[in-house]
Amino acid sequence: MRLKKISLILLYLCTIGTIRAQKDTIPKNSNRLKVIGLPVVFYSPDTKLGGGAGGLLTFNYKKDSIGARRSSVTVGAVYTQLNQLLLYFPFQLFPHNQAYWISGEIGYYRYVFNFFGTGNDVSPDYIEKYDAVFPRIRINAVKKIKPNLFFGLRYAFDDFNFTRVDSGGILDKRQVTGAKGGRVSGIGTQLNYDTRDVLFFPHTGYVAEAYLYGEGQLTGSDFSYQRLSIDVSRYFPVGKNGVLALNAATVLSFGNVPFNQMPVLGGTKRLRGYFEGKYRDNNLLLLQSEYRFAIFKRFGGVVFGGLGEVTDKLSGWSLAHVRYNFGGGIRFTIDKAQHINIRADYGIGYKSSGFYLTIGEAF
């Protein structure tokens, strides 16, 4: 769940002045921090009117060589009309000249979620809501073992306290695992492969993440299950200013998976055009493509499309359950040196559509 990515209206203020102050000329091996301020005003049916502040910091470590990948830290605090509170701190660090790659998120959330049921046979019109309060910790720490190849550990922790569920709904009737909330705590091994030319807007190369993860009593979890996940993206330069981006992902789960930890389709990253979590189940397959192109100065555009499916059992894959999406969007570059974009996308899916405005690419 990417709670910080509100999917209707985000107005990023005071950005242009910060960009001009940077002048986009800081040397690649500079140790100076680059800071982009992101005061935020937004509205969505889930949150009503909300506002807050955020910021993006990028930097190199003191002993990094020229051209070393810059580390990044994002901070944000948001409050809404519905008394929702979002505090988040995602990060990607590359110490010792990228000998290590440490990423993750620390956050605290008081939020209202949509729940559409599990599997493929839910009614297109079915929706219920639940309120939850929880802290979140995500830490992935890998070490370079060969050029572009990293291996290490991942840890995940959430402690869900459901403060309200819709009366008479699936969660109220406790018809799915995790309907009472509970603690998620697990550990796994992770393998990363990364040949991208740049971090935020690659023009060429691969990035791949594979992990084997498990939860149980020994890891401090209220649930017992295992998961294998593989996510691969490939980038191709097209012409002078175009990029073709491809993404493939699969998630396979075994055991008693709580509904809020199931892999999902929808949202800002996986099949834009559906609500996040519109389709969720134990297993997921996904293929996406996106063509990115320049328009004028800091403005760019994209067209995208994809296919995805979820299923309860590995034997349950069916063409009848494949969901599609397609759409397009506009990009505005807020940091030319690292090509960090604000993106506005409109996606269309099966009996569904959605508008998304956020920062950073989908994959």
Side-chain angles (χ1 to χ4, degrees), residues 2-20 22 24 34 36-47 50-52 54-56 58 72 74 76 78 196-204 233-247 265-276 287-306 308 324-349 352-363:
R2 302 277 181 173
L3 301 178
K4 56 185 175 294
K5 295 187 176 179
I6 306 300
S7 62
L8 283 189
I9 300 179
L10 295 175
L11 300 178
Y12 292 94
L13 307 176
C14 305
T15 303
I16 303 302
T18 306
I19 296 168
R20 289 174 179 169
Q22 295 171 359
D24 296 327
K34 299 181 68 175
I36 301 175
L38 298 173
V40 177
V41 177
F42 64 88
Y43 178 89
S44 81
D46 294 330
T47 62
L56 172 65
T58 64
S72 65
T74 304
V78 169
R196 292 173 293 178
D197 55 341
V198 293
L199 180 62
F200 295 104
F201 194 91
H203 296 79
T204 185
S233 295
R234 177 73 163 101
Y235 306 92
F236 302 89
V238 179
K240 184 178 180 180
N241 295 309
V243 177
L244 176 63
L246 306 176
N247 174 246
L265 297 175
T268 62
K269 288 184 172 291
R270 292 182 167 179
L271 288 198
R272 285 157 283 177
Y274 300 93
F275 282 107
E276 184 172 10
L287 295 172
Q288 299 185 103
S289 64
E290 182 169 291
Y291 176 60
R292 304 165 181 172
F293 53 92
I295 296 178
F296 178 72
K297 293 187 176 181
R298 292 180 182 267
F299 287 93
V302 304
V303 291
F304 57 83
Y324 65 85
N325 84 319
F326 61 91
I330 299 294
R331 301 291 181 268
F332 179 77
T333 303
I334 58 175
D335 183 346
K336 289 179 67 176
Q338 299 182 93
H339 207 147
I340 300 173
N341 289 333
I342 292 175
R343 64 178 170 101
D345 291 332
Y346 188 78
I348 299 171
S352 181
S353 64
F355 174 69
Y356 308 89
L357 186 54
T358 185
I359 190 169
E361 304 307 314
F363 56 87

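Nothing fancy with the numbering, it's 1 onward along the sequence.
- Between the side chain of Arg343 and the main chain of Gly360, a donor-acceptor pair closer than 3.5 Å is present.
- For the pair Ile340 and Leu56, the minimum side-chain heavy-atom distance is below 4.5 Å.
- The heavy-atom pair separating Asn325 from Gly306 by the smallest distance is OD1-N, 2.7 Å.
- Heavy-atom minimum distance, Phe304 versus Gly347: CZ-CA, 4.0 Å.
- Considering every non-hydrogen atom in both Ser352 and Tyr274, the closest pair reads OG-CA, 3.6 Å.
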Using residues 289-297 as the side-chain source, report each donor-acceptor pair under 3.5 Å to any protein atom, sequence neighbours left out, with the distance given to one decimal.
residue : atom : partner : partner atom : Å
Glu290  : OE1  : Arg272  : NH1          : 3.0
Glu290  : OE1  : Arg272  : NH2          : 2.8
Glu290  : OE2  : Arg292  : NE           : 2.7
Glu290  : OE2  : Arg292  : NH2          : 3.3
Arg292  : NH2  : Phe363  : O            : 2.7

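- Between Asn341 and Phe200 the shortest side-chain heavy-atom distance does not fall below 4.5 Å.
- Note: Phe355 and Tyr346 fail the aromatic proximity criterion, with ring centroids not under 6.0 Å apart.
- Considering only heavy atoms from C-beta on, Leu271 stays 4.5 Å or farther from Tyr324 through its side chain.
- Taking Arg234 as the reference, nothing meets the salt bridge (charged side-chain N to carboxylate O under 4.0 Å, His left out) condition, with sequence neighbours excluded.
- Minimum interatomic distance between Leu265 and Gly308 (heavy atoms only, all atoms of both residues): CD1-C, 3.7 Å.
- A donor and an acceptor atom, one from each side chain of Thr268 and Glu276, are nowhere located under 3.5 Å apart.
- Side-chain contact between Ser233 and Leu246 is absent, with no heavy-atom pair separated by less than 4.5 Å.
- Applying the side-chain hydrogen bond (donor to acceptor under 3.5 Å, both in side chains) rule to Arg331 yields the partners Asp345, Glu361; only residues at least two apart in sequence or on another chain are considered.
- Between His203 and His339, the ring-plane angle classifies as tilted under the 30° and 60° cut-offs.
- Atom-to-atom distance recorded for Ile342:CD1 and Ile359:CD1 is 6.0 Å, nearest 0.5 angstrom.
- Between Lys269 and Ala362, the shortest heavy-atom contact is NZ-O, 3.4 Å.
- Between Asp197 and Pro202, the shortest heavy-atom contact is OD1-CA, 3.4 Å.
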